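Read the structure below first, then the notes.
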Amino acid sequence: MKRLTLFAALLLTALLATACSRELTEETALEKLSSLSEFRAPFFAPMRIGEMVLTNEKAESADQFIRDTYGPLLDAGVLDVTVTDRSSWRAVILIELTDKGKAMCDNRRGNDHQAYVQVCYMVPCEIRGMLAVTPDKVVECTYAFAERNITPFGTFLGYTDGTQHIDTRTFVRSGSSWQVQ
């Protein structure tokens, strides 16, 4: 009788564990999202580089314009900005990445006038909702991800630590696990 009770208890535990694992939990969804390559690599955004022509008041105070606009990037050592030509009504400035700045670029993209610079990491932080499209097979998951580890380029381009964005992903059950589509 003890063996039968023990066998029944083990069988019931196994069945409950299987039934529970068939449902996609918020914790599992967040783990799966966090493991995606797009959330494990830095986020890049375009930034203008190269020559820029300043006119009128900006041309008259080109050095002040450079300091006001690019000061934090100059101070961080990721950018050099110099006046290359000046006349009575215009100034030409040259915006160049330093070696430190180039190390924070995606060299596969960009050109002489635009660089894709590392601005932050995007980190999944909260599940906002889950909708079973097909019970135990397909789940639509709405989640928030936040900007983290903001670089000087990110601050310059307006990224802020903790700013959240919302996205939706579809999870499909494949065998005994869930896959993000």
Side-chain angles (χ1 to χ4, degrees), residues 24-54 58 62-84 92-131 133 138-181:
L24 179 64
T25 65
E26 289 184 5
E27 294 84 18
T28 301
L30 199 55
E31 282 176 26
K32 293 279 186 185
L33 290 167
S34 296
S35 69
L36 294 174
S37 62
E38 67 197 74
F39 293 119
R40 298 176 58 83
F43 183 73
F44 293 87
M47 182 183 150
R48 182 178 179 175
I49 58 170
E51 284 190 342
M52 179 188 292
V53 177
L54 306 177
K58 289 180 183 176
D63 294 329
Q64 188 62 46
F65 172 81
I66 291 169
R67 173 61 33 214
D68 292 346
T69 305
Y70 299 104
L73 296 175
L74 296 167
D75 296 341
V78 296
L79 202 67
D80 281 328
V81 183
T82 55
V83 177
T84 59
V92 178
I93 63 173
L94 180 61
I95 305 160
E96 297 178 294
L97 297 166
T98 64
D99 288 340
K100 184 177 178 182
K102 288 176 184 174
M104 299 173 70
C105 287
D106 182 350
N107 295 322
R108 299 168 296 172
R109 302 186 284 174
N111 54 44
D112 293 340
H113 305 289
Q114 187 177 57
Y116 281 80
V117 293
Q118 180 181 338
V119 294
C120 66
Y121 280 84
M122 298 293 186
V123 179
C125 56
E126 177 185 11
I127 301 298
R128 297 280 178 97
M130 296 173 65
L131 173 67
V133 177
V138 179
V139 174
E140 229 178 53
C141 178
T142 302
Y143 66 99
F145 59 96
E147 300 169 2
R148 298 278 188 237
N149 302 323
I150 309 299
T151 69
F153 290 119
T155 302
F156 175 76
L157 293 171
Y159 290 80
T160 308
D161 193 59
T163 299
Q164 290 190 0
H165 307 276
I166 306 298
D167 195 14
T168 300
R169 291 293 176 91
T170 301
F171 285 79
V172 177
R173 186 173 170 75
S174 175
S176 62
S177 67
W178 290 92
Q179 305 301 317
V180 183
Q181 299 294 303

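The chain is numbered in sequence order, starting from 1. This structure is a prediction, so every number in the text was calculated from the model and none was measured.
Using a 4.5 Å heavy-atom cutoff, the side chains of Leu79 and Met47 are in contact. You'll find the side chain of Pro72 stays beyond 4.5 Å of the side chain of Thr155, heavy atoms only. Residues Leu36 and Arg169 form a side-chain contact, since some pair of their non-hydrogen atoms from C-beta on lies under 4.5 Å apart. A heavy-atom distance below 4.5 Å is found between the side chains of Val139 and Trp178. In this structure, Leu73 and Val81 have side chains that are not in contact, with every pair of non-hydrogen atoms separated by 4.5 Å or more. Looking at Gln164 and Arg128, their side chains come closer than 4.5 Å, going by heavy atoms from C-beta outward. When side chains are defined from C-beta on, Val138 does not count as touching Arg173, because their heavy atoms never get closer than 4.5 Å. The closest side-chain heavy-atom distance from Asp167 to Phe145 is below 4.5 Å.
Expressed to the nearest 0.5 Å, how far CD1 of Ile150 lies from CG of Asp161 amounts to 5.5 Å. Put simply, CG on Asp80 and OG1 on Thr98 are 6.0 Å apart, with the number rounded to the nearest 0.5 Å. Atoms CG and OG1, from Leu54 and Thr69 in turn, are 8.5 Å apart once rounded to the nearest 0.5 Å. Within the model, atoms CG of Asn149 and CZ of Phe43 stand 14.5 Å from one another, a figure rounded to the nearest 0.5 Å. For the atom pair Lys102 NZ and Glu96 CD, the distance stands at 7.5 Å (nearest 0.5 Å). The distance from atom NE2 of His113 to atom CD1 of Ile95, rounded to the nearest 0.5 Å, is 11.5 Å.
The two residues Lys32 and Val180 have their closest heavy-atom pair at CB-CG2, 3.8 Å. Nearest heavy atom pair, residue Met130 against residue Cys141, reads CG-SG, 4.1 Å. Leu157 approaches Pro46 most closely through the heavy-atom pair CD1-O, 3.8 Å. Between Ala144 and Ile166 the shortest heavy-atom distance is CB-CD1, 3.8 Å. In terms of heavy-atom proximity, Glu26 sits nearest to Ile127 at O-CG1, 3.6 Å. Scanning both residues, Gly162 and Arg148, for their nearest heavy atoms gives CA-NH1, 3.1 Å.
Partners of Thr168 under the side-chain hydrogen bond (donor to acceptor under 3.5 Å, both in side chains) rule, at least two apart in sequence or in another chain, are Thr142.
A salt bridge links Arg67 with Asp75: at least one charged nitrogen is closer than 4.0 Å to a carboxylate oxygen.
The six-membered or imidazole ring of Phe156 lies near that of Tyr70, with a centre-to-centre distance under 6.0 Å.
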Would you give me the side-chain donor-acceptor pairs under 3.5 Å for residues 116-123, sequence neighbours excluded?
none

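No donor-acceptor distance shorter than 3.5 angstrom exists from the side chain of Ser34 to the backbone of Glu31, with no hydrogens or angles considered.
Within 6.0 Å of the CZ atom in Arg109, the count of heavy atoms belonging to other residues, nucleotides or ligands exceeds 12.
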